[in-house]
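Read the numbers this way: they start at 1 and go in the same order the structure lists the ligands and their atoms. Since the model is a prediction, treat every value here as computed from it, not as a measurement.
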Amino acid sequence: MIDSLRIHAAHEPGPKLPGEFVLYWMLGVTMRSRANFALTFAIDQANTLGLPILVYQGLRHDYPWASDRHHTFILESARDLYRGFADRGIQYAFYLETATEQTARGVRESPLVALARRAALVVTDFFPTFIQPRHLKRLRDKTDTPVIAVDSATVVPLRAHDRTYSAARSIRPVLMNALPHHLHPIEDAEPRFRRQVEVPFEQPLGAATTDAALAALVASCDIDHTVTPSPTIRGGERAARARLDEFLAHGLPRYLERGDPNVAATSRLSADLHFGTIAIHDVLLAARDAGPADCYAKFLDEALTWRELAHNLVFKNPKHRTLEPVPAWARKELDDHSADPRPAIYTDAALERAQTGDDLWNAAQRSLVRDGEIHNYMRMLWGKSVLLWTEDAARALRVLEHLNHKYALDGRDPNSYGGILWCFGLFDRPFYRRPIFGTVRYMSLKAAATKFDTRAYIRRFPTA
Ligand SMILES: Cc1cc2nc3c(=O)[nH]c(=O)nc-3n(C[C@H](O)[C@H](O)[C@H](O)COP(=O)(O)OP(=O)(O)OC[C@H]3O[C@@H](n4cnc5c(N)ncnc54)[C@H](O)[C@@H]3O)c2cc1C
């Protein structure tokens, strides 16, 4: 039984009968064949209606920052899903909009709308930011089949909170109280009615697609080919599980050293949590069992408190892409200091190409561009420093959003806005006053050398 707080419906929906099947429109935020609330809900509904379930996913070419990097992660994850769903006897169909398909789409109905028309019910994933809210609304406008969105991204459902929180310390006790009720393995349901559904498009991808064939599919899409696949992070349920196992064995026992970017102490699971190739429930339960307890407690604080604080912000505040959620005191400080002289002003291109006068910042930017990830400590320094080199907070925010979403595999996420807006004072308190930042917390690139071996870090990300 799925907690009703996870169910987001436009109105009290009954199924549209007769329908051929229940459609689970899987989004690129819950790409897993098990431990998935939306999937379980869709199967339960299909079983009640005596219908088969069809899992459909589509990947277009025109979402913002679409590139080889994001496409490759998604196709690798979809390849795993063909295998995972086949093992469960569930039909999964992945539609890829290649350049040829793109031309045809102008004259053909979208595969999603065509399938939704034939379905008794559409179940999809609820996600509070990026393109997903718009796409959900658009589908609801285009079909009279009821569309129900299910929230699978957080441990405590988004709708369980009736307020926003100004700091980690205010949401922490709420989450910890709710944890015993919510932190359990997510139940799977088994479909009782299995019939093959005819889908109105070719499926060039499958469980057996080779890496070379997958790369050719990516190359055939009209997307940004300059942002290359990550050499360090691969997509899919199996890669996510392997990363979790690696973390439990080697990273978690050293998690208290998380502040040092040269120590492999963190999970590096943020892309998996963003694309949903692993459930946060599974991650936390495995970490709790593996211990040690003090490391698990710290990990829980990041993966539960900080992560769900960011999700709450984005869910409750539609203006999360602006400085509006930043508290008034911090916005005033940044405004009051907006005329302070900057050590340098860099163009967008100089920042993107890691051509500032600071080697440490440049190395962090190169790690983002090359690998699609930045260590958390460096990400804070990276984010804070952009304010030093831009005319004002509004431009700094725009630059950070662009660089983060273009290159980071975990970008375009609620955490992106939690992290970026934190650089401007969100979820924080005033510190001592200094130029440009006023009393907003400042982090010094120079002082980083007193905390960890910055030269070793810089050597890891050489100029190409
Ligand atoms: C400027 C800036 C931008 C950021 N952009 C993103 C982003 O686009 N996507 C993203 O997932 N995180 C973002 N973060 C938060 C954080 O840096 C990453 O979640 C973390 O570094 C991911 O590495 P990890 O998986 O090894 O973390 P771990 O330390 O292993 O933590 C486990 C998980 O907890 C969550 N988490 C950890 N730290 C934070 C945090 N501070 N806030 C919210 N959740 C957290 C993540 O889901 C992470 O995968 C940003 C932070 C800053 C300062």
Side-chain angles (χ1 to χ4, degrees), residues 29 65 70 127 129-130 153-155 165 167-168 171-172 175 232-233 240 243-244 246-248 250-261 263-284 286-287 290 295-314 320-321 326 361 364-365 367-368 371-387 396-428 441 443:
V29 294
W65 299 286
H70 307 316
F127 196 68
T129 190
F130 198 48
T154 48
V155 177
Y165 301 89
I171 198 174
R172 190 176 287 118
L175 294 170
T232 54
I233 305 262
R243 249 187 306 281
L244 174 61
E246 165 80 20
F247 172 60
L248 298 178
H250 305 292
L252 185 58
R254 301 188 69 180
Y255 198 70
L256 301 183
E257 298 168 66
R258 174 179 191 259
D260 185 338
V263 176
T266 66
S267 70
R268 298 175 57 234
L269 280 168
S270 53
D272 301 295
L273 291 170
H274 169 71
F275 286 102
T277 47
I278 199 162
I280 184 64
H281 294 67
D282 287 353
V283 172
L284 290 179
C295 295
Y296 168 65
K298 178 70 183 137
F299 182 67
L300 185 67
D301 205 43
E302 302 298 341
L304 180 77
T305 308
W306 282 93
R307 184 167 182 272
E308 304 210 355
L309 181 64
H311 277 72
N312 173 268
L313 155 81
V314 162
H320 55 266
R321 295 189 63 194
V326 172
W361 192 91
Q365 172 64 15
S367 84
L368 184 61
D371 298 346
E373 49 176 338
I374 317 189
H375 184 277
N376 179 59
Y377 189 80
M378 286 310 305
R379 208 169 196 170
M380 295 192 289
L381 268 177
W382 170 84
K384 287 276 182 187
S385 306
V386 169
L387 189 59
L397 173 64
R398 187 176 54 70
V399 167
L400 284 172
E401 186 194 49
H402 173 71
L403 295 179
N404 195 73
H405 289 5
K406 179 170 177 184
Y407 292 105
L409 266 174
D410 65 11
R412 307 158 309 282
D413 190 79
N415 281 355
S416 317
Y417 295 101
I420 290 172
L421 293 177
W422 172 86
C423 296
F424 302 92
L426 180 67
F427 304 143
D428 215 351
R441 182 201 297 252
M443 285 176 73

Under the side chain to side chain contact (heavy atoms under 4.5 Å, CB included) criterion, do L309 and W422 qualify, and how do the steps go? CA-CA 11 Å; L309 181 64; W422 172 86; over 6 Å; no
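Residues R258 and Y377 have side chains not in contact (no heavy-atom distance under 4.5 Å, counting atoms from C-beta outward). At a threshold of 4.5 Å between non-hydrogen side-chain atoms, the residues L409 and H274 do not count as touching.
Closest non-hydrogen pair, V314 versus P414, comes out as CG2-CA, 3.7 Å.
Ordered by chain and residue number, the residues placing a heavy atom less than 4.0 Å from ligand 1 are Y255, R258, T266, S267, R268, L269, S270, L273, F299, E302, A303, W306, R307, N376, R379, M380, N404, D410, G411, N415, S416, G419, I420, C423.
Looking at E246 and R268, no side-chain N of the basic residue comes within less than 4.0 Å of a carboxylate O on the acidic one, giving no salt bridge.
For the residue pair T305 / D301, a side-chain donor-acceptor distance below 3.5 Å is found, with atom types taken as modelled.
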